[in-house]
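Heads up: the structure comes next, in structure tokens.
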Number of protein chains: 2
Amino acid sequence: MAKHRLTNKYYYGTDRMLVAVDCIIFGFDVKAEQIKILLFPREIEPFQGSWSLIGSFVQKKEDIDKAAARILRELTGLDQVFLEQHKVYGHTNRDPGDRVISISYWSFIKIEGPDRSLIKDHNAEWFPVRNIPKLVIDHNQMVEDALSLMRKNARYLPIGFELLPEKFTLPQLLKLYQEIYQKPIDDRNFRKKILATGLLKKLDSKDKTSSKKGAFQYSFDQTKYEELLQKGFDIEFQ
Amino acid sequence: MAKHRLTNKYYYGTDRMLVAVDCIIFGFDVKAEQIKILLFPREIEPFQGSWSLIGSFVQKKEDIDKAAARILRELTGLDQVFLEQHKVYGHTNRDPGDRVISISYWSFIKIEGPDRSLIKDHNAEWFPVRNIPKLVIDHNQMVEDALSLMRKNARYLPIGFELLPEKFTLPQLLKLYQEIYQKPIDDRNFRKKILATGLLKKLDSKDKTSSKKGAFQYSFDQTKYEELLQKGFDIEFQ
DNA sequence: TCAAAAGTGTTGGGATTACACCCATGG
DNA sequence: CCATGGGTGTAATCCCAACACTTTTGA
């Protein structure tokens with residue numbers, strides 16, 4: 001009685017639908033001290049021309065993770081960057097064009113990383129997360145959800161690694177964390193904690209672009225990071 | 001050039017696929033002091049009769065969250081329980097029957113909650129998480145992933161609320177947490193911490209099923225829990 | 001020489017851990 | 001009366017937050 005309400009017996013006759021992936025691409029603008037998101041004008045109807053996350057339909061013979069990697073590569077030329085599945089958006093009426101299930105992915109890239117000509121081809125632009133325009137369908141919601149996850153999980157995520165350039169200074173890293181948590185962090189305590197993790201390698205060079213004295217540059221220790229990933233780590237600030 | 005590789009322009013001609021939801025239903029067997037998962041023998045080919053998570057295809061006019069709630073209700077009679085989306089499994093070859101994207105949901109229920117006749121109709125059984133049989137397709141992976149998320153996030157999750165009966169004792173709650181973390185927790189410190197949250201209401205009654213002295217019963221304060229959810233809370237043990 | 005950013009240590013308080021004994025009761 | 005599980009308090013330690021001044025150097 002309840003049994004025949006289980007609909008998975010219709011394996012060969014059941015509904016098929018469109019499946020899409022959408023990427024929320026985060027970058028950190030070191031000069032502006034702002035976290036930004038890469039958006040582009042949607043290329044198809046409905047909502048052609050409106051600002052949108054970068055997305056695509058998944059092809060029948062394509063893994064969903066591969067689809068996400070594909071569109072990221074198509075738009076930025078980047079491969080092998082942090083790109084993870086986040087959430088599925090599956091309301092029946094979310095897309096007026098058709099029933100579409102959309103899987104959001106989030107990605108952290110170095111803001112100087114993308115191939116400029118690809119960006120330009122697609123008329124893509126970086127928007128500060130505090131100032132995202134109206135986006136198509138439920139993409140604003142996707143961005144909100146991703147931001148809230150970022151704030152919740154920054155302590156466990158390789159945010160510094162992925163969002164900052166190869167060489168960076170401690171004041172830059174501090175500003176990134178302050179931007180994520182939207183609050184000031186004591187710089188002496190920050191230095192102690194972040195250096196204590198062993199994740200940073202101090203370089204001999206100095207970056208003098210933002211002060212006369214110059215700040216020492218650091219790079220991330222990938223090996224140490226992977227070691228910590230195993231043990232489970234946690235960097236918390238105040 | 002890169003532009004025409006963006007495939008989302010094929011909005012009306014692109015591939016459609018089957019979308020399924022699968023539920024990982026957790027319960028805590030207080031007597032056995034074990035976390036268990038509800039499984040049933042798959043009702044359709046391929047793999048008919050093999051142990052499987054509870055799942056179903058999503059219908060064209062059905063929200064994915066509704067689909068998950070529907071199958072949980074069909075199998076247990078339960079509604080309004082903790083049920084959250086977890087992860088999407090989308091490899092092209094995961095299901096030999098067809099291309100199927102599957103969205104896993106996880107749920108915490110009171111082990112005595114389900115309607116026994118529904119459970120029996122579907123030949124469903126509870127299996128301890130330490131002893132899950134071989135499941136169809138990638139369902140073992142889904143269980144692994146859910147367990148690892150549970151261990152990672154137990155501090156933020158309403159695990160006690162959902163997995164324990166309405167009235168429970170501190171020794172029972174302690175055993176639940178020890179089972180999750182797979183390590184002993186000092187009971188004096190545990191009591192201090194858990195009581196300090198204000199989440200528990202001490203009742204006058206005692207549960208004498210496991211000792212002659214009897215242990216005081218407690219219930220959860222839902223209001224307090226929702227208040228803490230806002231602020232973001234964190235219960236950590238050793 | 002001075003403005004502007006980088007860099008550096010210590011201390012008090014609060015939180016967490018470690019730890020051992022008494023209590024209540026049914027059989 | 002005793003075996004079994006329930007319940008309780010404190011001291012030592014560690015960790016973290018709070019806090020202000022010196023250094024460097026280009027303009």
Side-chain angles (χ1 to χ4, degrees), chain A residues 30-33 154-155 160 164-165 167-179 181-219 228 231-238, chain B residues 29-33 154-155 160 164-165 167-179 181 183-219 228 231-238:
Chain A
V30 177
K31 270 162 220 149
E33 298 174 16
R155 15 200 301 207
L164 286 172
K167 298 176 179 185
F168 56 90
T169 67
L170 287 183
Q172 286 168 353
L173 186 61
L174 173 62
K175 279 164 193 158
L176 171 56
Y177 275 96
Q178 290 183 145
E179 178 65 4
Y181 291 119
Q182 289 292 303
K183 64 178 181 187
I185 299 172
D186 181 273
D187 71 330
R188 282 163 289 188
N189 294 336
F190 178 82
R191 279 162 188 269
K192 262 179 288 178
K193 262 184 225 180
I194 201 82
L195 290 174
T197 62
L199 284 170
L200 302 191
K201 283 186 292 201
K202 188 174 185 173
L203 306 176
D204 289 330
S205 50
K206 278 193 164 187
D207 175 343
K208 295 201 166 186
T209 53
S210 72
S211 79
K212 291 157 184 171
K213 184 177 179 181
F216 277 104
Q217 292 184 306
Y218 288 78
S219 67
L228 286 186
K231 300 183 192 165
F233 77 110
D234 190 345
I235 319 176
E236 208 180 359
F237 300 106
Q238 268 125 45
Chain B
D29 182 330
V30 178
K31 271 163 218 149
E33 298 173 16
R155 16 200 301 207
L164 286 172
K167 298 175 178 185
F168 56 89
T169 67
L170 288 182
Q172 286 168 354
L173 186 60
L174 173 61
K175 278 164 194 158
L176 171 55
Y177 275 97
Q178 290 183 144
E179 177 67 4
Y181 291 119
K183 64 178 181 189
I185 299 172
D186 181 273
D187 72 329
R188 281 162 291 189
N189 295 335
F190 177 81
R191 279 162 188 269
K192 262 179 288 178
K193 261 185 223 177
I194 201 83
L195 290 174
T197 63
L199 284 171
L200 301 191
K201 283 187 294 199
K202 189 172 185 174
L203 306 175
D204 290 329
S205 50
K206 278 192 162 186
D207 176 342
K208 295 201 168 187
T209 53
S210 73
S211 79
K212 291 157 184 169
K213 183 177 179 181
F216 277 104
Q217 293 184 306
Y218 289 78
S219 67
L228 288 185
K231 299 183 192 165
F233 77 110
D234 190 345
I235 319 176
E236 208 179 0
F237 301 106
Q238 269 128 42

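These figures come from a predicted structure and were not determined experimentally.
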Spacing of [X] atom [atom1] relative to [N] atom [atom2], expressed in whole Å:
{"X": "A/Ile185", "N": "D/dC16", "atom1": "CD1", "atom2": "P", "result": "15 Å"}
{"X": "A/Phe190", "N": "D/dC15", "atom1": "CZ", "atom2": "C1'", "result": "19 Å"}
{"X": "A/Lys183", "N": "D/dA17", "atom1": "NZ", "atom2": "C1'", "result": "12 Å"}
{"X": "B/Leu174", "N": "D/dG6", "atom1": "CG", "atom2": "P", "result": "9 Å"}
{"X": "B/Leu173", "N": "D/dG7", "atom1": "CG", "atom2": "P", "result": "12 Å"}

- Query: How would nucleotides 2-15 of chain C be written as a contact map, 5' to 3', with B for base contact, S for sugar-phosphate-only contact and - for no contact, using protein heavy atoms under 4.0 Å?
  - Reply: ---BBSBBB-----

- Query: Under 4.5 Å between any side-chain heavy atoms of A/Tyr218 and A/Asp207, yes or no?
  - Reply: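 The answer is no, as the side chains (C-beta and beyond) never meet within the 4.5 Å cut-off.
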
- Task: Measure the shortest side-chain to side-chain distance between B/Glu236 and B/Tyr181 over non-hydrogen atoms and say whether it is less than 4.5 angstrom.
- Result: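 Contact flag for B/Glu236/B/Tyr181 side chains = no.
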
- Message: Can you tell me if B/Lys208 touches the phosphate of C/dG26, counting only side-chain N or O atoms and a distance under 4.0 Å to OP1 or OP2?
- Response: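 Result: yes.
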
Rounded to the nearest 0.5 Å, what separates atom [atom1] in [X] from atom [atom2] in [Y]?
{"X": "A/Gln217", "Y": "A/Leu200", "atom1": "CD", "atom2": "CG", "answer": "13.0 Å"}
{"X": "A/Gln178", "Y": "A/Lys175", "atom1": "CD", "atom2": "NZ", "answer": "8.5 Å"}
{"X": "A/Tyr177", "Y": "A/Ile194", "atom1": "OH", "atom2": "CD1", "answer": "5.0 Å"}
{"X": "B/Lys208", "Y": "B/Ser211", "atom1": "NZ", "atom2": "OG", "answer": "8.0 Å"}

